[in-house]
Amino acid sequence: MSALTTNKSVLSWIDEKVELVKPDKIVWIDGSKEQIEELRATACSTGELVKLNQDLLPNCYLHRTAVNDVARVEGRTFICAPTKEEAGPTNNWMEPSEAYNMLYDIARDSYKGRTMYVIPYSMGPVGSPFAKIGIELTDSIYVVLNMVIMTRVGKAVLDVLGDSNDWVRGLHCRCSIDEEKRYICQFPQDNTIISVNSGYGGNVLLGKKCFALRIASYQGWKEGWQAEHMLILGIENPQGEVKYICAAFPSACGKTNLAMLIPPESYKKKGYKVWCVGDDIAWIRKGPDGRLYAINPENGFFGVAPGTNEKSNPNALATTKEGTIFTNVAHNLDNNTVWWEGLDKNPPANAVEWKGSKWNGQESEEKGAHPNSRFTAPAKNCPCLSSEFENPNGVPISAIVFGGRRAKLAPLVYQSRDWNHGVFVGSIMASETTAAAAGAVGVVRRDPMAMLPFCGYNMADYWQHWIDIGKTLDADKAPKIFNVNWFRKDDEGNFMWPGFGDNLRVLDWIIDRCEGKVGAKETEIGFIPNAEDINIEGLEGEVTLDSLKSILEVEKELWQEDAKGIEEFYAKFGDRIPPVLAEELATLKKNVQ
Ligand code: OXD
Ligand code: MN
């Protein structure tokens with residue numbers, strides 16, 4: 001098949017990689033329906049995909065990864081900057097030439113007998129001023145078909161690229177899925193990503209975490225914009241005005257659910273609507289009017305399946321009904337559909353569990369779906385997709401929200417005093433870990449701006465970049481910055497806030513604050529709502545004014561402890577810590593004494 005471009009930088013890079021991995025065949029992905037159909041058929045013939053019930057789930061497929069390859073591997077993810085300091089203390093680092101040599105040794109000849117797929121893709125609407133282009137080489141049809149959903153793929157992308165050298169190189173080699181030789185390496189200075197020995201989404205869909213966060217965060221630093229691990233949603237009020245919020249949460253804290261939130265009954269009746277622009281990543285830059293604007297660089301949702309159901313996220317469920325790839329969920333053999341824990345209370349009795357063995361839905365210690373099983377679904381299926389989704393200039397941001405999963409300490413919501421304090425609030429984010437990444441679950445870890453595994457350079461420089469962005473914004477144009485915690489528990493371990501759709505009640509307060517419509521109490525940690533200002537109408541029996549007050553309290557002793565944790569965390573960055581943040585920490589310590 002002939003190349004889809006005459007771009008010399010593209011062709012010579014591909015030539016080099018062909019020489020290295022030695023494919024039998026090269027296929028350029030043009031994004032056409034026919035080509036996608038052909039690839040699906042090939043993948044079904046080899047067992048890489050299982051075609052699901054086409055009446056119930058048209059164009060949907062099931063895939064199982066290797067049992068040892070089910071999540072992102074942060075321990076094997078490297079930022080290969082020229083010096084360790086440039087990668088910073090929160091990233092694994094490898095010297096670039098050493099990394100290239102090692103990766104090339106692993107990749108060498110690994111496509112023998114296989115096909116090289118060349119995927120030209122755009123992160124962001126093709127041709128948007130926010131958009132960036134990448135080319136991923138892969139020997140996995142699963143990767144191709146996922147990239148076709150998650151990004152904009154095909155010839156149009158290469159036409160926009162023209163002769164430019166401004167594109168991100170991505171090489172993925174499945175190799176033998178050997179955990180000991182699994183590496184996900186980013187070379188921010190070279191616009192390059194190399195991923196070997198994995199077939200799991202977050203490690204191999206190179207447009208997503210590797211490019212749109214790790215490489216893009218570095219590009220944003222150099223070019224004056226921001227790549228953030230944030231959902232983007234619009235709240236439409238009864239007057240039809242839509243305000244946009246970007247929100248950062250660590251993996252699997254319900255970002256997809258929040259992004260597709262269904263308003264509580266009382267809000268629905270009044271005419272409130274919530275529109276989803278994105279569920280995972282926001283690229284943010286200043287617009288001509290001096291406000292910050294955000295786009296979602298992705299074109300689909302790579303969501304966690306377990307727990308997704310008609311109640312928790314009907315929009316996500318509806319989104320998966322067509323053209324979706326399910327990964328590591330249970331296969332219901334009776335009707336050739338899929339199932340996961342938390343979908344409903346009827347596990348299929350005649351099924352195959354995620355590892356590929358027969359499963360009767362009964363054995364409780366055996367799961368039908370892996371806890372990090374996923375759906376890859378086209379954004380256009382989403383019933384609440386924002387009409388601004390394709391807007392090449394993005395949406396204007398009123399508020400930035402940080403959040404984490406904390407049983408204690410962090411109140412339901414508080415507002416930072418100003419931009420710099422907001423950057424501090426983001427920098428001290430912490431959360432109890434989940435199954436989205438390999439490793440222990442339920443341990444509190446610092447996850448600044450939810451970017452701990454995704455920042456492509458020294459986190460201290462990243463914080464300084466946030467502060468520098470703030471300096472370019474007029475105070476009345478800068479988004480207001482908040483922190484939320486949906487996960488507070490009482491002493492018996494019960495959640496104290498219902499979450500899901502009811503989170504709109506908090507977002508409503510946030511928008512009111514942005515518009516100066518509501519007061520707040522200034523406390524040691526920032527502005528806390530007067531409990532009466534959070535609408536709990538319809539929550540009788542779940543939340544009372546008193547229980548609300550208790551999750552809005554600032555517990556000084558806990559904050560004193562936390563301040564010590566922050567100090568220890570900051571100490572890792574030595575004198576690279578932005579002075580502004582050191583001052584904010586000193587203020588917090590003084591305030592909670
Ligand atoms: C994700 C993650 O998959 O953050 O979005 O792990
Ligand atoms: Mn994510």
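Counting starts at 1 for both ligands and their atoms, following the listed order.
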Subject >> Metal-centred angle, NE2 of His229 through the Mn ion (ligand 2) to OD1 of Asp280, rounded to 10 degrees >> reply: 90°

Original post:
If you draw a 6.0 Å radius around NZ in Lys51, do more than 12 non-hydrogen atoms from other residues or ligands fall strictly inside?
Top reply: no

Original post:
Counting from 1, what ligand 1 atoms have a heavy atom of Arg374 closer than 4.0 Å?
Top reply: 1 (C), 3 (O), 6 (O)

Subject >> Where ligand 1 meets Lys209 - atom numbers and elements under 4.0 angstrom, heavy-atom basis >> reply: 1 (C), 2 (C), 3 (O), 4 (O), 5 (O)

**OP:** Quick one: sort the His370 and Trp354 rings into parallel, tilted or perpendicular, breaks at 30° and 60°.
**Re:** perpendicular

**OP:** Check the side chains of Tyr142 and Thr327 for a donor-acceptor pair under 3.5 angstrom, ignoring hydrogens and angles.
**Re:** yes

Subject >> Side chain, backbone, both or neither: the part of Lys255 lying under 4.0 Å from ligand 1 by heavy atom >> reply: neither

**OP:** Identify, by atom number and element, the atoms of ligand 1 in contact range of Arg72, meaning under 4.0 Å from any of its heavy atoms.
**Re:** 2 (C), 4 (O), 6 (O)

Original post:
N/O/S of Lys209 less than 2.8 Å from the Mn ion (ligand 2)?
Top reply: yes

**OP:** Could you tell me which atoms of ligand 1, counted from 1 in the order shown, lie closer than 4.0 angstrom to a heavy atom of His229?
**Re:** 4 (O)

**OP:** Might you work through the salt bridge (Lys or Arg N to Asp or Glu O under 4.0 Å) test for Arg505 and Asp502, ending with a clear yes or no?
**Re:** CA-CA 6 Å; Arg505 299 167 188 277; Asp502 290 308; 2.9 Å; yes

Original post:
So, Asp562 and Lys408, do they make that salt bridge, N to O below 4.0 Å?
Top reply: no

Original post:
Does one side chain, of Trp275 or Glu236, offer a donor that lies under 3.5 Å from an acceptor on the other?
Top reply: yes

**OP:** Below 4.0 angstrom from a heavy atom of Asp280, which ligand 1 atoms are there? Numbered from 1 as shown, please.
**Re:** 5 (O)

